[in-house]
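In what follows, chains carry the letters A, B, and so on, assigned in the order in which the sequence lines appear, proteins first and then strands, with residues in each chain numbered from 1. Reckoned from all heavy atoms, side chains included, excluding hydrogens, waters and symmetry mates.
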Amino acid sequence: MSEAVADLAPATIGVDRRAVEEAFETGRLKVSRPPSRSIGDYSIALHYLFKLGGVDQKDWPHAAGRLIEALTSSKYKDECYVARAEFVNGYLNLTIDFNRLARVVLDDVLRGGVEERLRSVGGGRVVVVEHTSANPVHPLHVGSGRNSVIGDTFARLLSKLGFRVSRRFYVNDMGRQVAFLVYGVSILKEAGVQPGGEFKTDHWYGIVYALTNLLIEERRLLREVREAEKAYWEALARFVEWAGREGAVPGSALDELRSLLAMRSFNKSAVKVARRLATVLSGLEKALANAAELKALKDSLERYTELSREHAKISFLVRRLAVRAPEVYLALSSRILDDRRALDDVRKLMKRCEEEDPATLSLFHEVSESVVKGFKETLDRLNIHFDAFDWESSKEVLEGAHEVVKIVESKPFARREAGALLVDLDQAAEDCGFVRELFSPDRPGKFIIERSDGTTLYVTRDVSYSVFKFRGTGADVVYNVIASEQSREQKQVKALLYLLGYEREARNLVHFVYELVKLKGMRMSGRRGVYYTLDELVEDYYAVVSKVYYETGKSRALEPAAREDVEKTLRELAVANARGLLLSVEPFKVLTFDPSRLEEALYGSTVLYSYVRLQSILRKLKGLEPLENMERLKAEASSLQWGGYKPSEVEEQILDALAEFERVVLSAYRELKPNKVLEYAMSLSNLVNKFYESHRVMGEPDPEARAFREALVVATLAVMKELVDILGFPHVRRI
RNA sequence: GGGCCCGUCGCCUAGCUUGGAUAGGGCGCCGGCCUUCGGAGCCGGAGGUCCCGGGUUCAAGUCCCGGCGGGCCCGCCA
């Protein structure tokens, strides 16, 4: 179309051909959608052309008339399937001959043209997608679930585009978090408490991890509360003494303060006294405005109140978990008595781990592996699979990390500070544009890659792992699906790679940023054992989907034998809905949702239901199982003829949508927005539902209409199948 | 203090890269249809200062500048 305008504009509007082409290339001119279908199918805003050609506004209609005249009498009328062209205040509106367009669009899908073009994008090149990579200390929650779904969908998209995709999970089995878990586990081992029990392994470890953290924190707070309590009694005693001496406080208030102070011997009433005291003191506020004595008492009172409130909160969380796993609680709470000693033990563990002590490493590895086993079950259920789990504690990564240190040591941008090896990127940036631009407009800053005790840090190991991801797999591009909070670390890795001479790798390491998940009415924290797990999400969706299913009354004809199939299908719908929800928002936007309102986000159901409808049409029409016979269906459909059949409005919209498929997939890939595929699948599904409501295929008397619809349904199903593949939804056949 | 990201009906979201007409869709709400090619469907309705203020332009949700609000990051943590 743009070519047609470029060709015809010189003679009709008086604009140079080259200028028009340029306008299309730069986007000053473009073919777009008019606001309403009744206006036309496509439109081009000609204002810019008129301006270029110096056409006065009152002459617009004439010039446009000449353009339309030329357009409709040229070869372009046919080539662009123009049925009608009109000019309305500045816009050239085009109506498309869908009968002719249909042939092209449908054949493109049915004969595999679209598929082939998409596959040629990757052309067999290897890419790595690292995703999920959650710390193996508690089950995957919906936050990590978002990472998994985005990562897996993107990986599926890449493989549709002809890339050879290696999906990798980086297991962070070193470091503080795992050390806490290992500490808890070792206590339980001594106490003879077995892992798992009635819990899924990762859920059990999650409780152990949280309880270990919480108990240590609780002991610390208890200690601090006691100190604060002592301090405030003393402050009160001093205040009373002072007030009595100075007579600064009315007698009645002083009496009350004295009686409160007397309560000290009844140890337990400290909280009540504090509350009462606060009221009495606020009554004295005016009279004693700036007295230092009052302020001192108030401060110590405040500190006590705050600490005891915090302590109560932690105790509540401890009790919550204690009820769920009593034997774990009993064992841990009887052994974790002093927070300082416990922390010291954890530190020792961590140190031994970082020093790469074999026995400690294997203990860490063993615990992580159990948790990862739970991850795998969760992810398998969601159709998410990996080509490899790469361990941070592996020889490759650790040796590589030491190698990195050794090389960096001799570089001018590195120096020792108090024994630790520091990388000064500010300095490196001075003569490295890559690093400068990477952080711009921020300053690159500095960071440590080796502690003074000779152990490496997370970033160091990540650099080593990045090298492995490229060199070990032969990848051209590596995508790291990692939360936005790690942006800085990711830049540091890229910068260091570049500075170490891995320039290609640095340029082709893509941080695929996604934002966190927030729940209405819950602040998730793995350390405190407060989270909404991915397993629960699927379970909750299962409940929602079952409710909808059984409420429609469809179940009444259900025979016992069919029951199992139904359960399976409902599970599949639950999976699709969970994936749909987590994919529904653009990756770099915070995803907020309310777990009690899952029934409002049924993307999976909507898409799969339309998918099933298309299948059922063809199953009935052709007497075969559609998904198993796609090639045959496509071949047959591509030879169908429908003469001059004029598609209905809905049919036109479906054709439009099918023609969009390729563009959508490509932009989802280029813009790192796999959610676009879901968005598109939803709109196609809605169109399918409309079509299904008002059009017959089998019952259609007109053979041309029937032929057209068969071809349309087959092509739509073919596209839907691709979509369901990319989205990782189960290929449901019946609901 | 500095940097990054986000702000569109009650809620969620598309459109912003490349400016173009009446800002598209979903949930929920209200009112009507649906028993089919296997019942999560269809039609209609209400609901919008596109965060605010300037600027550029024939034209701004879109571009530029300045604010405001929310999230995140600036460790010998991971």
Side-chain angles (χ1 to χ4, degrees), chain A residues 24-30 32-36 39 43-48 50-51 57 88-91 93 135 172 174-178 350 392 417-422 439-443 445 447-453 455-459 461-462 483-489 491 513 515-516 518 520 545 548-549 551-554 557 573 584-586 588-594 597 599-603 605-606 608-610 612-621 667 670-671 675-676 679-680 682-683 686 688-690 692-700 713 734-735:
Chain A
F24 272 109
E25 275 162 32
T26 58
R28 290 303 303 264
L29 272 182
K30 63 182 177 187
S32 58
R33 297 276 178 179
S36 151
I39 296 172
S43 71
I44 303 176
L46 296 176
H47 311 75
Y48 181 64
F50 291 137
K51 202 176 160 193
Q57 182 147 8
V88 182
N89 53 51
Y91 299 89
N93 294 324
N135 285 315
N172 310 128
M174 295 182 75
R176 203 180 157 78
Q177 313 210 41
V178 185
M350 216 159 45
E392 189 178 9
E417 257 183 28
L421 184 59
L422 177 126
F439 288 87
S440 164
D442 204 0
R443 285 176 61 81
F447 62 102
I448 305 278
I449 63 163
E450 190 191 60
R451 296 192 184 88
S452 47
D453 63 6
T455 59
T456 58
L457 284 100
Y458 180 79
V459 209
R461 301 189 286 264
D462 206 4
S484 72
E485 56 190 5
Q486 299 224 44
S487 290
R488 190 158 201 95
E489 188 268 351
K491 284 180 184 173
V513 183
E515 263 296 347
L516 301 167
K518 293 202 148 176
K520 286 230 158 75
V545 145
V548 174
Y549 181 81
E551 273 179 3
T552 56
K554 202 174 174 178
L573 286 178
S584 61
V585 178
E586 300 214 323
F588 52 84
K589 285 187 184 173
V590 176
L591 166 59
T592 314
F593 76 94
D594 184 345
R597 291 170 63 175
E599 70 276 7
E600 291 180 13
L602 299 176
Y603 301 98
S605 293
T606 306
L608 288 181
Y609 188 63
S610 302
V612 163
R613 279 189 153 170
L614 290 171
Q615 291 176 60
S616 71
I617 293 171
L618 292 171
R619 190 178 296 121
K620 199 86 169 197
L621 184 69
S667 70
R670 295 207 183 100
E671 296 169 27
N675 59 304
K676 282 192 163 184
E679 189 71 27
Y680 172 77
M682 284 293 288
S683 63
N686 282 322
V688 166
N689 286 337
K690 281 184 196 170
Y692 187 87
E693 185 70 18
S694 51
H695 296 66
R696 297 292 100 163
V697 180
M698 255 173 80
E700 173 59 47
V713 169
R734 299 157 195 263
I735 295 176

So Val545(A), base contact, sugar-phosphate only, or nothing? Heavy-atom distance under 4.0 Å. base
Report the distance from atom CZ of Arg597(A) to atom P of C12(B), rounded to the nearest whole Å. 10 Å
G-U wobble or Watson-Crick pairing nucleotide for U22(B) (cut-off 3.5 Å, both distances): none
Which listed nucleotide (C58(B), C76(B), A21(B)) is nearest to the side chain of Ile448(A)? C76(B)
Return yes if the base of A14(B) and the side-chain atoms of Ser683(A) contain a donor-acceptor N/O pair under 3.5 Å, otherwise no. no
A side-chain contact here means heavy atoms from C-beta on lying under 4.5 Å apart; do Leu516(A) and Glu485(A) qualify? yes
Using atom P in both nucleotides, what's the gap between C34(B) and G25(B) to the nearest angstrom? 25 Å
Reckon Arg451(A) has a side-chain N or O less than 4.0 Å from the OP1 or OP2 of A78(B)? yes
Tyr91(A): partners by ring-ring contact (aromatic ring centres under 6.0 Å, His included), with sequence neighbours left out: His47(A)
If only side-chain N and O atoms count, and only distance matters, is there a donor-acceptor pair under 3.5 Å linking Thr456(A) with Glu450(A)? no
Mark this stacking check for His47(A) against G20(B) as yes or no, applying ring centres under 5.5 Å and ring planes under 30°. yes
How is Thr592(A) classified with respect to the nucleic acid when contacts are heavy atoms under 4.0 Å: base, sugar-phosphate, or nothing? nothing
Is there side-chain contact between Tyr458(A) and Gln486(A), with at least one heavy-atom pair below 4.5 Å? yes
Compare all side-chain heavy atoms of Val688(A) with those of Leu614(A) and state whether any distance is below 4.5 angstrom. yes
Determine whether a donor-acceptor pair (N or O, by modelled atom type, separation under 3.5 Å) exists between the side chain of Thr455(A) and the backbone of Arg451(A). no
Does C27(B) have a Watson-Crick or wobble mate here (both distances under 3.5 Å), and if so which one? G10(B)
Would you kindly give the CD-to-C1' distance between Gln177(A) and C77(B), to the nearest whole Å? 8 Å
Would you classify Asp453(A) as touching base, sugar-phosphate or nothing, given that sugar-phosphate means primed atoms plus P, OP1 and OP2, and contacts are heavy atoms under 4.0 Å? nothing
Glu515(A) and Lys589(A) ion-paired at < 4.0 Å: no
Can you check the distance between U13(B) and G3(B), where both ends of the measurement are the C1' atom (answer in whole Å)? 28 Å
Using salt bridge (charged side-chain N to carboxylate O under 4.0 Å, His left out) as the criterion, list what pairs up with Glu693(A), not counting sequence neighbours. none
Rounding to an integer number of angstrom, what distance separates G75(B) and C52(B) when you compare their P atoms? 36 Å
Can you measure Asp594(A) atom CG to C27(B) atom P for me and round it to whole angstrom units? 17 Å
Can you check the distance between G48(B) and C43(B), where both ends of the measurement are the C1' atom (answer in whole Å)? 23 Å
Taking any heavy-atom pair under 4.0 Å as a contact, classify Ala601(A): base, sugar-phosphate, or nothing. nothing
Base, sugar-phosphate, or nothing for Glu586(A), non-hydrogen atoms under 4.0 angstrom? sugar-phosphate
Under 4.0 Å between any heavy atoms, over every strand shown, what does Gly445(A) touch: base, sugar-phosphate, or nothing? Just pick one. nothing
Just call it for Glu450(A): base, sugar-phosphate, or nothing, with non-hydrogen atoms closer than 4.0 Å on any strand. nothing
Run the salt bridge (charged side-chain N to carboxylate O under 4.0 Å, His left out) test against Arg696(A) and tell me which residues pass, sequence neighbours left out. none
Could you pick out which residue, Tyr603(A) or Ser694(A), lies toward the 5' side of RNA chain B when each is mapped onto its nearest nucleotide? Tyr603(A)
Tell me the interatomic distance from Ile735(A), atom CD1, to A40(B), atom P, rounded to whole angstroms. 8 Å
Using atom OH of Tyr680(A) as one end and atom P of A14(B) as the other, report the distance to the nearest whole Å. 18 Å
Atom-to-atom span, CD of Glu679(A) to P of G15(B) - whole angstrom: 7 Å
Select from Ala418(A) and Ile44(A) the residue whose nearest nucleotide in RNA chain B is closer to the 5' end of that strand. Ile44(A)
Which nucleotide in A40(B), G20(B), A78(B) has an atom nearest any side-chain atom of Leu602(A): A40(B)
Need the pair for C72(B). Rule: Watson-Crick or G-U wobble, both distances under 3.5 Å, any strand; none if unpaired. G3(B)
May I ask you to test the Lys676(A)-Ser667(A) pair for a side-chain heavy-atom distance under 4.5 Å? yes
Work out how far the C1' atom of G10(B) is from that of C63(B), and round it to whole angstrom. 32 Å
What contact category does Leu573(A) fall into here, base, sugar-phosphate, or nothing, at under 4.0 angstrom with non-hydrogen atoms? base
Sugar-phosphate only, base, or nothing, as touched by Met682(A) at under 4.0 Å among non-hydrogen atoms: nothing
Please enumerate all residues that pass salt bridge (charged side-chain N to carboxylate O under 4.0 Å, His left out) together with Glu586(A), with sequence neighbours excluded. Lys673(A)
Atom pair distance, as rounded to whole Å: NZ in Lys51(A) and P in G19(B): 13 Å
Note, Leu46(A) side chain near Tyr48(A) side chain (heavy atom, < 4.5 Å): no
What's the gap between A60(B) and G70(B) when it is taken at their P atoms, as a whole Å value? 30 Å
Enumerate all atom pairs, one protein N or O and one N or O from nucleotides 2-6 of chain B, separated by less than 3.5 Å.
{"unit_1": "G3(B)", "atom_1": "O2'", "unit_2": "Asp442(A)", "atom_2": "OD2", "d": "3.4"}
{"unit_1": "C5(B)", "atom_1": "O2'", "unit_2": "Phe588(A)", "atom_2": "O", "d": "3.3"}

Hey, what are the protein-to-nucleotides 41-46 of chain B N/O distances that come in under 3.5 Å?
{"unit_1": "G41(B)", "atom_1": "O2'", "unit_2": "Arg613(A)", "atom_2": "NH1", "d": "3.3"}

Quantified in whole Å, what is the C1' atom distance between nucleotide C11(B) and nucleotide G53(B)? 28 Å
If you measure from the C1' atom in U62(B) to the same atom in U56(B), how many Å do you get, rounded? 13 Å
Taking atom CD1 of Ile735(A) and atom OH of Tyr549(A), what is their separation to the nearest 0.5 Å? 9.5 Å
Between Glu671(A) (CD) and U18(B) (P), how many Å, whole number? 12 Å
